[in-house]
A.B. asks: 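Sharing a structure here in structure tokens format.
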Protein chains: 2
Amino acid sequence: MVDKNIRIKDIAKLAGVSVGTVDRVLHNRGRVSPEALKKVTEVMEQIDYKPNLIARTLGSNKNYRIAALLPDPKQDPYWAQSNLGITQAQTEWAQYGIQVELFLFDLLDKNSFQKMAHEVYLAKPDGILIAPIFYHEALPIFELFRETDIPYVLFNTNIPEASPLSFIGQNLYQSGRVGAELLYFGQHQPGTLAVLHIDEDIHDSVHLLEKEKGFREYFKDKGKINFSIIDFILNPKDPSFQKQLEELLEDPALRGIFVSTSKGTSVTASLLEKHGKKDIRLVGYDILDENLRYLKSGIIDFLINQNPKRQASLGISHLVNHLMFKKGTPGTDLFPLEVITQQNVDSYLGSGIH
Amino acid sequence: MVDKNIRIKDIAKLAGVSVGTVDRVLHNRGRVSPEALKKVTEVMEQIDYKPNLIARTLGSNKNYRIAALLPDPKQDPYWAQSNLGITQAQTEWAQYGIQVELFLFDLLDKNSFQKMAHEVYLAKPDGILIAPIFYHEALPIFELFRETDIPYVLFNTNIPEASPLSFIGQNLYQSGRVGAELLYFGQHQPGTLAVLHIDEDIHDSVHLLEKEKGFREYFKDKGKINFSIIDFILNPKDPSFQKQLEELLEDPALRGIFVSTSKGTSVTASLLEKHGKKDIRLVGYDILDENLRYLKSGIIDFLINQNPKRQASLGISHLVNHLMFKKGTPGTDLFPLEVITQQNVDSYLGSGIH
DNA sequence: TTGAAAGCGCTAACAA
DNA sequence: TTGTTAGCGCTTTCAA
């Protein structure tokens with residue numbers, strides 16, 4: 001009533017041109033005389049024109065195909081969550097002509113990543129969501145994508161050189177600091193703190209070392225502390241894996257363990273449980289079913305939630321916003337480092353929107 | 001391409017009627033013959049019709065007025081945050097013909113609440129967002145709202161008897177349990193734990209007592225513990241307020257304090273700082289500027305984030321979804337009980353979307 | 001009770 | 001380089 005929203009039509013009238021011309025200026029599709037361009041831009045600057053995105057979407061009755069490249073959800077519950085997020089976004093956007101095609105690769109096989117990335121390229125989608133967990137193999141892929149001008153969004157792992165449309169994930173360095181904080185909090189007895197990187201492959205090493213760096217620098221900043229910090233990179237497939245871990249647990253000075261992967265968290269927890277070591281503090285990652293059990297039983301003290309589901313679903317949304325609504329997306333979307341405890345975990349399991 | 005979405009037109013064709021009839025059935029606007037009704041419903045049951053909400057919104061070119069009833073943001077930084085969330089939602093939806101009118105009342109004055117609630121009623125908006133912090137005064141208001149069939153959404157404080165369109169907030173009982181958990185965590189020395197309800201009025205008593213109940217039951221569930229729990233209801237306007245607090249701090253056995261209000265948190269922190277009591281653990285509420293400083297300096301150990309900004313903005317969105325998109329909204333939307341620490345607080349300050 | 005048709009704001013094809 | 005116009009899927013008015 002008060003102030004009817006300004007329409008393209010109004011701008012056209014004010015500038016003395018047709019809606020077609022305004023539209024062309026709006027989307028700089030060219031084929032506009034300098035005079036017309038000038039007049040329209042002048043009007044636009046005076047009026048704070050906000051396009052009606054709803055009408056825009058309906059008008060340009062387009063279908064978009066989005067390719068999602070990520071590890072096989074069957075291999076790892078963490079990636080199963082990511083996959084869930086994609087499925088969720090898919091059903092949400094399906095009615096607006098957005099199709100999401102999955103391209104899954106083997107979490108442990110760089111070649112498979114390369115192969116699937118190539119298939120994404122061949123599929124020529126309108127947008128790409130990608131978890132570039134293999135740094136070196138990913139770089140040339142981005143070259144390809146850029147050549148074809150297909151917008152791509154990174155999630156989970158950041159590769160700034162990729163200059164993506166946007167990155168969705170967490171500040172891993174800070175994540176390590178949070179881990180350190182939680183491990184240190186209220187600990188008065190001197191002793192040993194351990195950092196465990198448990199993974200079947202070291203592909204994520206950058207990922208993990210970033211966390212470790214944050215962890216260590218937290219203590220460096222603290223100045224003099226009572227703890228010695230040791231770290232391990234362990235492969236659960238390694239025959240000596242179990243033994244190495246058990247040796248660690250033997251250490252009577254061991255006060256706490258920070259595990260940098262979600263899978264490793266439950267593995268460590270199960271050992272801690274077996275050995276009845278309830279007094280060793282354990283901080284790990286993610287609200288996976290396996291971890292949930294140990295959190296509830298008190299073996300795990302804190303989880304840092306990476307929210308893989310929401311990372312993925314937001315990734316799709318970013319692409320949709322870009323493709324459909326031509327909306328600008330933030331270059332990086334850093335998720336909060338959610339601290340999960342026995343008492344607040346249920347409040348996170350509820351809606352899943354937040 | 002593969003499966004074009006089904007349109008009303010398609011249903012009409014299949015049922016051998018016109019789109020007008022289908023629309024009337026869809027929204028049971030009546031004036032449809034039993035035969036037509038039958039045919040259309042039959043087709044509808046066969047096909048999983050999902051209306052295009054975008055087209056619907058554009059088609060019914062309506063404007064909606066939403067009234068927001070909440071305490072004056074100038075009185076309290078917590079409510080300033082809520083107000084921010086409303087402003088945010090307002091600008092987001094303005095272009096689609098949604099207008100939000102603010103109705104502010106005095107946080108300390110029940111009469112002012114009643115008066116403004118009545119003004120909301122007289123304004124006859126299309127939807128209402130309300131923070132019903134005065135329980136007894138709110139009940140008759142809801143009667144009024146229901147009479148006029150205006151949908152209303154509660155936030156911050158739940159009143160189940162109000163049977164609102166939806167409630168947005170937190171599980172306060174569980175919130176108290178989280179507070180207890182954080183206060184207890186890693187505490188080995190026996191001593192005293194204090195629960196502080198600091199507020200200028202006791203209007204929120206239900207609110208606060210719910211938190212206290214959770215706090216106490218946490219320890220009850222724990223069984224034998226080393227702590228005695230004491231609690232206070234304090235009014236900062238009371239001349240003896242300062243003295244009462246200082247007396248509490250004198251207690252050498254005091255190990256930790258749980259403050260149930262966001263404002264009270266900073267008040268307590270400032271006293272703790274003044275007395276140089278860094279060893280007393282402090283758990284409070286919300287990422288307000290005042291609290292932020294004390295969190296960073298280590299006086300406050302944990303904050304439980306109630307996310308007032310997002311509560312409010314989501315409240316508006318719920319109403320919009322209901323009014324504009326005729327989308328179903330969840331009856332209650334319980335926010336996660338976010339644990340904020342020195343190390344993760346920045347990750348929360350960033351985007352604000354999450 | 002029904003169907004036809006105009007219109008929501010924008011896009012995009014087309015003719016001029 | 002321009003303006004005109006026919007949609008997009010749905011709502012809503014109006015005449016039949």
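Sequence lines set the chain letters: A, B, ... in the order given, protein chains first and strands last, and positions in each chain run from 1. Nothing here was measured: the structure is a model prediction, and the numbers come from that model.
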A.B. asks: I need the CG-P distance between B:L26 and D:dG9, as an integer number of Å.
C.D. replies: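 Atom-to-atom, B:L26 to D:dG9, this comes out as 15 Å.
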
A.B. asks: Quick one: are B:V43 and B:D10 in side-chain contact, heavy atoms under 4.5 Å?
C.D. replies: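 The answer is no; the side chains never approach within 4.5 Å.
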
A.B. asks: Please check: side-chain N/O of A:Q90 versus main-chain N/O of A:V100, any donor-acceptor pairing under 3.5 Å?
C.D. replies: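 Yes, because the side chain of A:Q90 sits within donor-acceptor range (under 3.5 Å) of the backbone of A:V100.
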
A.B. asks: Quick one: does A:S166's side chain get under 4.5 Å of A:T332's, heavy atoms only?
C.D. replies: no

A.B. asks: Looking only at the side chain of B:N61 (C-beta and beyond, no hydrogens), which of the listed nucleotides C:dC8, D:dG9, C:dC10 gets closest?
C.D. replies: C:dC8

A.B. asks: Using whole Å, report how far CZ of A:R7 lies from P of C:dC8.
C.D. replies: 7 Å

A.B. asks: Any side-chain N or O of A:K62 less than 4.0 Å from the OP1 or OP2 oxygen of C:dA12?
C.D. replies: yes

A.B. asks: Quick one: which of C:dT11, C:dC10, C:dG9 gets closest to the side chain of A:L58?
C.D. replies: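 Among C:dT11, C:dC10, C:dG9, the one nearest the side chain of A:L58 is C:dG9.
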
A.B. asks: Please identify each residue that fulfils ring pair (Phe, Tyr, Trp, His ring centres under 6.0 Å) with A:F105, with sequence neighbours left out.
C.D. replies: A:F113

A.B. asks: Could you tell me whether the side chains of A:N156 and A:Y78 share a donor-acceptor contact shorter than 3.5 Å?
C.D. replies: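 Present: a donor and an acceptor within the cut-off.
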
A.B. asks: I want to check something: taking the side chain as every heavy atom from C-beta on, are A:I66 and A:P125 in contact at a cut-off of under 4.5 Å?
C.D. replies: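 No, every pair of side-chain atoms sits at 4.5 Å or beyond.
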
A.B. asks: Choose from C:dC10, C:dT11, C:dG9 the nucleotide whose nearest atom is closest to any side-chain atom of A:Y49.
C.D. replies: C:dC10

A.B. asks: Using the 3.5 Å cut-off, write out each protein N or O paired with an N or O of nucleotides 1-4 of chain D and the distance between them.
C.D. replies:
residue	atom	partner	partner atom	Å
D:dT1	O3'	A:S33	N	3.2
D:dT1	O3'	A:S33	OG	3.3
D:dT2	OP1	A:S33	OG	2.1
D:dT2	OP2	A:S33	N	2.9
D:dG3	OP2	A:S18	N	2.9
D:dG3	OP2	A:S18	OG	3.1
D:dG3	OP2	A:T21	OG1	2.7
D:dG3	N7	A:R24	NH2	2.8
D:dG3	O6	A:R24	NH2	2.9

A.B. asks: Between B:I8 (CD1) and D:dT12 (P), how many Å, whole number?
C.D. replies: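 Answer to the nearest Å: 11 Å.
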
A.B. asks: Tell me: CG of A:N63 to P of C:dT11, nearest whole Å?
C.D. replies: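 Value for this atom pair: 17 Å.
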
A.B. asks: Rounded to the nearest angstrom, tell me the gap between atom CZ in B:R56 and atom C1' in D:dT12.
C.D. replies: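 My rounded result for the distance is 14 Å.
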
A.B. asks: What is the distance, to the nearest angstrom, from the CG atom on B:N52 to the C1' atom on C:dC8?
C.D. replies: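 Those two atoms, CG and C1', are 13 Å apart.
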
A.B. asks: Once you round it to whole Å, what is the distance between P of C:dG9 and CE of B:M324?
C.D. replies: 11 Å

A.B. asks: Figure out the CZ/P separation between A:F325 and C:dG9, and round it to whole Å.
C.D. replies: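 Those two atoms, CZ and P, are 17 Å apart.
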
A.B. asks: Note down the inter-axis angle between the two ends of the helix from C:dT1-D:dA16 to C:dA16-D:dT1, five pairs each, to the nearest 10°.
C.D. replies: 50°

A.B. asks: So if I apply the side chain to side chain donor-acceptor pair (under 3.5 Å) rule between B:E42 and each of B:K39, B:K38, B:Q46, which one comes out positive?
C.D. replies: B:K38

A.B. asks: With a cut-off of under 6.0 Å to the ring centre and 45° to the axis, is A:K62 in cation-pi contact with A:Y64?
C.D. replies: no

A.B. asks: Looking only at side-chain N and O atoms, does B:R146 offer a donor or acceptor that is under 3.5 Å from a partner on B:Y152?
C.D. replies: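 Yes - a donor-acceptor pair under 3.5 Å links their side chains.
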
A.B. asks: Pick base, sugar-phosphate or nothing for B:D23, based on heavy-atom distances below 4.0 Å to the nucleic acid.
C.D. replies: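 Base contact.
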
